[in-house]
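In what follows, a single structure is set out as structure tokens and then discussed.
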Protein chains: 2
Amino acid sequence: MSFVSSNEFVPDSIDGQSGHFRVLAEHFSAFVCLSNAEMKLLGDLAEAARYHPPYRDLYVAGASPPPPRMIVAGWACQYRLLPDGHRQIISLKLPGDLIWPLMQVRLPSSCAVAALTELETVSAQPLIEAAASADPIHPGLAHATRVMAHLHDMLLYDQIVRLGRQTACGRFAHLMLELRERLGRVGLVDSDSFAMPLTQDVLADVLGFSVVHVNRTVQQLRRERLLDVRNGQVVLLQPERLQELAGWAPLPGLSVETKTAKRSLATESRTKSEH
Amino acid sequence: MSFVSSNEFVPDSIDGQSGHFRVLAEHFSAFVCLSNAEMKLLGDLAEAARYHPPYRDLYVAGASPPPPRMIVAGWACQYRLLPDGHRQIISLKLPGDLIWPLMQVRLPSSCAVAALTELETVSAQPLIEAAASADPIHPGLAHATRVMAHLHDMLLYDQIVRLGRQTACGRFAHLMLELRERLGRVGLVDSDSFAMPLTQDVLADVLGFSVVHVNRTVQQLRRERLLDVRNGQVVLLQPERLQELAGWAPLPGLSVETKTAKRSLATESRTKSEH
DNA sequence: CGCGGTGTTGACAACAGTCAATTACTGTGG
DNA sequence: CCACAGTAATTGACTGTTGTCAACACCGCG
């Protein structure tokens with residue numbers, strides 16, 4: 001899988017096939033130790049990448065779900081259009097991500113999926129089948145795929161918290177921290193810096209802002225020397241302060257459990273007198 | 001299952017056991033036709049309801065997930081607390097809903113779960129097992145459970161769109177329409193009116209508002225005679241106008257497919273010149 | 001009767017969207 | 001090499017929305 005096969009239907013190969021395998025291998029290895037047979041399966045998948053041009057819909061809301069695929073290069077998103085013309089991006093899909101998380105049942109989704117950049121995907125059918133099986137041939141792939149599905153849900157929760165309860169800067173910082181973590185799992189982060197091929201227009205639809213306000217927020221974070229976003233490159237200048245600003249907490253169960261004081265709803269004392 | 005068994009650990013029985021069975025049966029029947037054996041299984045489950053007092057945590061974020069349970073009476077919610085003391089409710093859990101949607105793998109969730117009212121739940125273990133099995137003994141239960149999991153994801157998408165891109169009134173109206181639909185599936189809606197046992201404080205944390213703004217929004221909708229919320233009872237006065245206001249679209253695949261003009265991201269023309 | 005929780009209201013300030021214009025960057029063709 | 005067009009980023013002015021604070025009304029309950 002280290003050779004680059006002829007790719008006649010791949011106008012601009014974003015990355016070599018070996019890069020595709022690397023993404024898959026790194027992403028799965030982040031959750032589980034794979035056997036040689038499982039590695040080989042990923043290698044086989046990586047050889048049959050399919051190209052998708054940028055800004056093209058991969059799935060239209062309400063349609064019958066196509067066979068599942070996994071991104072090996074490029075970014076995509078899941079989004080919804082409102083009658084008034086507004087768009088909300090539900091989630092960003094990065095290399096290593098499954099495009100349709102819905103694996104339990106083949107029902108149409110209320111969200112469309114579109115490529116945000118040039119995109120290359122491979123079939124995820126074997127992974128889905130492994131994860132659905134009670135006694136899978138490839139237990140490592142099965143487990144990792146289930147973990148990824150769980151992580152997808154956690155990301156949706158994060159997105160809800162961002163949109164519902166965070167300030168502009170906190171929202172932006174939180175998203176950048178999420179991207180660093182996710183891209184880090186597939187080896188696309190280099191010392192708190194990573195490529196983010198999103199226009200401010202797209203960022204606005206992720207964060208629930210107007211384009212202008214995305215810009216204002218970037219300016220402010222830049223002025224305060226917390227992070228820099230420029231030419232599709234993000235640099236986290238002060239990750240610790242960003243985490244504080246964003247109320248960032250690492251996902252439980254993946255890294256070490258943080259023993260921060262957990263306040264329950266019952267004992268919640270968000271009363272007026274507290275301030 | 002029509003008799004009411006002695007319930008010593010149920011201080012205030014919200015509803016008889018037969019009511020519990022009714023909720024389960026109606027919810028599953030909304031998606032699939034159940035066999036007699038499957039009905040019997042639900043009946044057995046309904047007899048062993050467990051009581052939870054209001055405003056008590058059922059699950060603390062980061063903890064190891066307990067065995068899955070399904071609500072048969074009362075409301076609960078999944079929520080997250082931020083370091084600054086703010087709370088965001090991720091999703092509301094109504095009668096018929098699974099409390100932990102995460103069925104693929106037993107990993108800790110980043111969100112806590114709390115009862116919002118007096119609550120009664122039954123074990124959902126048989127349902128989870130059926131849904132996980134490739135060749136389940138109870139195919140109806142299996143399929144319905146998978147559909148519910150899918151619906152849970154769709155609800156998260158709706159929540160994201162509400163928080164990200166809808167106006168205050170639209171947000172509120174959208175939530176009320178969602179509740180009508182969900183409660184309608186378990187027979188808890190009576191001609192566009194239903195019980196909603198939520199304080200405005202809780203609504204604020206669902207909708208990402210301040211309490212004051214929830215109140216303002218309710219007032220406005222009431223003034224415009226679109227809906228009325230009073231004493232824990234919601235009345236949708238003009239459902240059609242509310243749907244328009246909320247940009248409401250029925251979920252694809254469940255009811256008839258609406259053939260509204262779908263605009264793709266690629267052909268999107270939300271340009272400046274359009275206005 | 002007083003108390004605590006909830007709902008309601010008004011005043012004010014902070015935040016965020018809209019509009020419109022300008023600048024920066026890119027690739028194209030001459 | 002430059003002019004040009006098109007996209008993206010940036011900025012300022014203004015408006016509308018939403019949060020905060022503070023006070024008050026209502027209600028069930030002891």
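Hydrogens, waters and symmetry mates are skipped; everything else that's a heavy atom, side chains included, is used. First the proteins, then the strands, lettered A, B, ... as listed; each starts at 1.
Residue B:F209 places its side chain closer to D:dG19 than to any other of D:dT10, D:dG19, C:dT8. You'll find that the side chain of A:A168 is closest to C:dA16, out of C:dT18, C:dA16, D:dG19. Nearest nucleotide to the side chain of A:T199, out of C:dT6, D:dA9, C:dA16: D:dA9. Comparing atom distances between the A:V212 side chain and each of C:dC19, D:dA8, C:dG10 picks out C:dC19 as nearest.
Here D:dT17 presents its P atom at 18 Å from CZ of B:F172, a figure rounded to the nearest Å. In this structure, the CZ atom of A:R230 is 13 Å from the P atom of C:dT26, given to the nearest Å. Rounded to an integer number of Å, the gap from B:Q220 CD to D:dG16 C1' is 13 Å. Whole-Å rounding puts the A:Y55 OH to D:dA8 P distance at 6 Å. Here C:dT6 presents its C1' atom at 19 Å from NE2 of B:H213, a figure rounded to the nearest Å. Atom CD of B:Q166 is separated from atom P of D:dG16 by 22 Å (rounded to the nearest Å). Counting to the nearest Å, the C1' atom of C:dA16 and the CZ atom of A:R165 are 17 Å from each other. What separates CD of A:Q219 from C1' of C:dC15 is a distance of 17 Å, to the nearest Å.
The distance from atom CG of A:L226 to atom CD of A:Q238, rounded to the nearest 0.5 Å, is 5.5 Å.
When atom types are taken as modelled, the side chain of A:D84 and the backbone of A:H86 share a donor-acceptor pair closer than 3.5 angstrom.
B:G232 comes within 4.0 angstrom of nothing in the nucleic acid, heavy atoms only.
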Worked verdict on A:V218 versus A:D228 for side-chain contact (heavy atoms from CB on, under 4.5 Å): CA-CA 8 Å; A:V218 170; A:D228 202 357; 5.8 Å; no
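Contact annotation: the side chain of A:H174 never approaches that of A:L242 to less than 4.5 Å [non-hydrogen atoms, C-beta and beyond].
Contact annotation: A:R222 reaches the phosphate of D:dT10 (side-chain N/O to OP1 or OP2, under 4.0 Å). Within the structure, a side-chain polar atom (N or O) of B:N215 is placed less than 4.0 Å from OP1 or OP2 of C:dT8.
If you check distances only, the side chain of A:R216 does reach the base of C:dG17 with a donor-acceptor pair under 3.5 Å.
The shortest heavy-atom contact between B:R165 and A:R87 is NE-O, 2.8 Å.
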